[in-house]
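What you see is a predicted model, and the numbers here were worked out from it, not measured in a lab.
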Amino acid sequence: MPLIGYARVSTEDQTPLPQSQALKSAGCAQIHEEQASGGSRARPVLARVLERIGKGDTLVVVRIDRLARSLSHLLEVIERLEAKGAFFRSLTDPIDTSSPQGKFTLQVLGAAAEFERALIRERTKAGLASARTKGRVGGNPGLRARDPAALRKVRLARRDGYMERLNETAQDWVPHVRRLRPDMAWEDVLRIVNGPLPRERQWTQSRLLRAVNAYVRDGFLPATVLGRAGRRESDDRLPAIVAAIKGEDPDITLQAICSRLEAMRERTPRGRTSWQPSSVKMLLERAERLGLLE
């Protein structure tokens, strides 16, 4: 089984060399290095690794904290790997999802996370019930009085919470939006964004537009991405989509592009649901003639 290494450092002053050496010694044929904060889930290198990893591959890190800083993030990444038939291993932690022991450890971690969430819910309910018996009404007094300052504070808190949730998923959609808009219509951008994602994490167009507007408002994306898409000839649509997939990962294989198109439920030029590498090659050649490939 191919071993794929991932090494991460938080700042430019740090070096991933010790991690890379340990991963190489463990037998990793490929090693991907990234400089990104551990608290941020917007990691383009990790996103590309998770998208390109194949069935039977194993993602290897030196320590769990190099991959994730929270249990929820760790479980999310492992779920994405399992959906592709891939595995996860940490060299210094007892987690190897290709082994029964590693799977058991992961199940224990998942159960602990769910138990913690249940405890929080029960404590919250008990606290509210106790307050009601003492005649105290829950909620913010300022909100009950419709105080403008209190309302503004709540709006800002909700906005901050929303942006924090967006940041956790930014690696899934920001690179596509930045690269494809406004040249491509939102409907096709959405299909490309959702292509590699599991069903429970896929976007609707309204949610994606709301997220993009929020990122434009805060300066994380240029306002040009909200511009009107130009009219495209109907026979140019498929070359544009294939070019977008190729532009995201120049090393992607023709067969991998076929899999992406099938996951997007995109039909071939003849209306079929099953894609062949020869059809993709033909569309890439057409995209190059149209100037759609960089």
Side-chain angles (χ1 to χ4, degrees), residues 42-52 80 166-199 201-294:
R43 303 183 201 166
V45 174
L46 178 60
R48 287 196 297 270
V49 171
L50 293 177
E51 183 171 337
R52 294 171 60 180
R80 292 185 64 180
L166 284 186
N167 292 340
E168 294 176 353
T169 63
Q171 64 185 16
D172 294 336
W173 56 276
V174 169
H176 297 293
V177 171
R178 190 187 300 277
R179 185 169 50 87
L180 302 177
R181 288 289 304 164
D183 296 327
M184 184 173 286
W186 283 112
E187 293 84 355
D188 291 329
V189 173
L190 181 68
R191 293 159 74 87
I192 290 173
V193 168
N194 283 337
L197 298 179
R199 183 178 299 275
R201 292 181 54 205
Q202 292 187 353
W203 295 75
T204 63
Q205 186 167 322
S206 59
R207 282 185 59 228
L208 181 61
L209 285 172
R210 182 188 175 200
V212 171
N213 274 282
Y215 260 47
V216 169
R217 179 195 64 209
D218 286 2
F220 297 130
L221 282 171
T224 52
V225 300
L226 294 173
R228 186 181 182 89
R231 184 178 297 275
R232 186 179 296 279
E233 297 295 332
S234 58
D235 59 346
D236 289 350
R237 180 176 170 276
L238 281 176
I241 291 176
V242 173
I245 297 174
K246 180 73 172 178
E248 176 192 356
D249 180 6
D251 297 326
I252 193 170
T253 64
L254 295 177
Q255 187 59 56
I257 296 178
C258 290
S259 299
R260 283 287 300 276
L261 291 169
E262 289 172 2
M264 293 165 57
R265 298 183 179 179
E266 192 69 52
R267 292 187 175 270
T268 69
R270 296 186 178 183
R272 297 172 181 171
T273 58
S274 179
W275 282 81
Q276 299 298 322
S278 58
S279 298
V280 172
K281 183 179 180 182
M282 177 189 68
L283 290 173
L284 284 173
E285 291 172 351
R286 178 167 176 75
E288 187 170 10
R289 291 195 298 270
L290 293 171
L292 300 175
L293 286 175
E294 296 181 359

Asks: Would you name the heavy atoms of Pro175 and Ala170 that are closest together and state the gap between them?
Replies: CD-O, 3.5 Å

Asks: Take Val174 and Phe220, measure what side chain to side chain contact (heavy atoms under 4.5 Å, CB included) needs, and give me the verdict at the end.
Replies: CA-CA 9 Å; Val174 169; Phe220 297 130; over 6 Å; no

Asks: Do the side chains of Val212 and Trp173 get nearer than 4.5 Å, heavy atoms only?
Replies: yes

Asks: Crowded around Glu288 CD? As in, over 12 foreign heavy atoms under 6.0 Å?
Replies: no

Asks: Do other residues, nucleotides or ligands put more than 12 heavy atoms under 6.0 Å from the CZ atom of Arg207?
Replies: yes

Asks: For Met184 and Ala240, which heavy atoms make the closest approach, and how far apart are they?
Replies: CE-O, 3.4 Å

Asks: Answer yes or no: is there a side-chain heavy-atom contact under 4.5 Å between Trp186 and Leu180?
Replies: no

Asks: Tell me the closest heavy-atom pair linking Cys258 and Val280, and the distance in Å.
Replies: SG-CG2, 3.6 Å

Asks: For Thr268 and Trp275, which heavy atoms make the closest approach, and how far apart are they?
Replies: CA-CZ2, 3.4 Å

Asks: Would you say the side chain of Ile245 lies within less than 4.5 Å of the side chain of Met264, judging by non-hydrogen atoms?
Replies: yes

Asks: Is Glu262 close to Ser274 at the side-chain level, that is, under 4.5 Å between some pair of heavy atoms?
Replies: yes

Asks: As a quick check of understanding, evaluate side chain to side chain contact (heavy atoms under 4.5 Å, CB included) for Glu266 and Leu238, giving each step before the final call.
Replies: CA-CA 9 Å; Glu266 192 69 52; Leu238 281 176; 3.6 Å; yes

Asks: For the atom pair CZ (Arg191) and CD (Gln205), what is the distance rounded to the nearest 0.5 Å?
Replies: 11.5 Å

Asks: Do Leu284 and Leu254 have side-chain heavy atoms sitting under 4.5 Å apart?
Replies: yes

Asks: Are the side chains of Ile241 and Leu283 in contact, using a 4.5 Å heavy-atom criterion?
Replies: no

Asks: Restricting to non-hydrogen atoms, name the atom on Arg181 and the atom on Val189 that form the minimum distance, rounded to 0.1 Å.
Replies: CD-CG2, 3.9 Å

Asks: Any chance you could measure Leu226, atom CG, to Leu221, atom CG, to the nearest 0.5 Å?
Replies: 8.5 Å

Asks: Would you call Arg260-Glu51 a salt bridge at under 4.0 Å N-O?
Replies: yes

Asks: Can you give me the closest heavy-atom contact between Lys246 and Ile252, atom names plus distance?
Replies: NZ-O, 3.7 Å

Asks: Looking at Arg237 and Glu187, does any basic side-chain N land under 4.0 Å from a carboxylate oxygen?
Replies: no

Asks: Among Leu208, Leu190, Asn194, find the one that has a side chain to side chain contact (heavy atoms under 4.5 Å, CB included) with Gln202.
Replies: Asn194

Asks: So how far is it from Asp183 CG to Asp188 CG, rounded to the nearest 0.5 Å?
Replies: 12.0 Å

Asks: To the nearest 0.5 Å, tell me how far Ile192 CD1 sits from Leu261 CG.
Replies: 9.0 Å

Asks: If we only count heavy atoms from C-beta on, is the Arg178 to Pro222 side-chain gap below 4.5 Å?
Replies: yes

Asks: Within a strict 4.5 Å, meaning less than it, do heavy atoms of the Thr169 and Trp203 side chains meet?
Replies: yes

Asks: Verify side chain to side chain contact (heavy atoms under 4.5 Å, CB included) between Asn213 and Arg210, making sure each step is shown before the conclusion.
Replies: CA-CA 5 Å; Asn213 274 282; Arg210 182 188 175 200; 5.8 Å; no

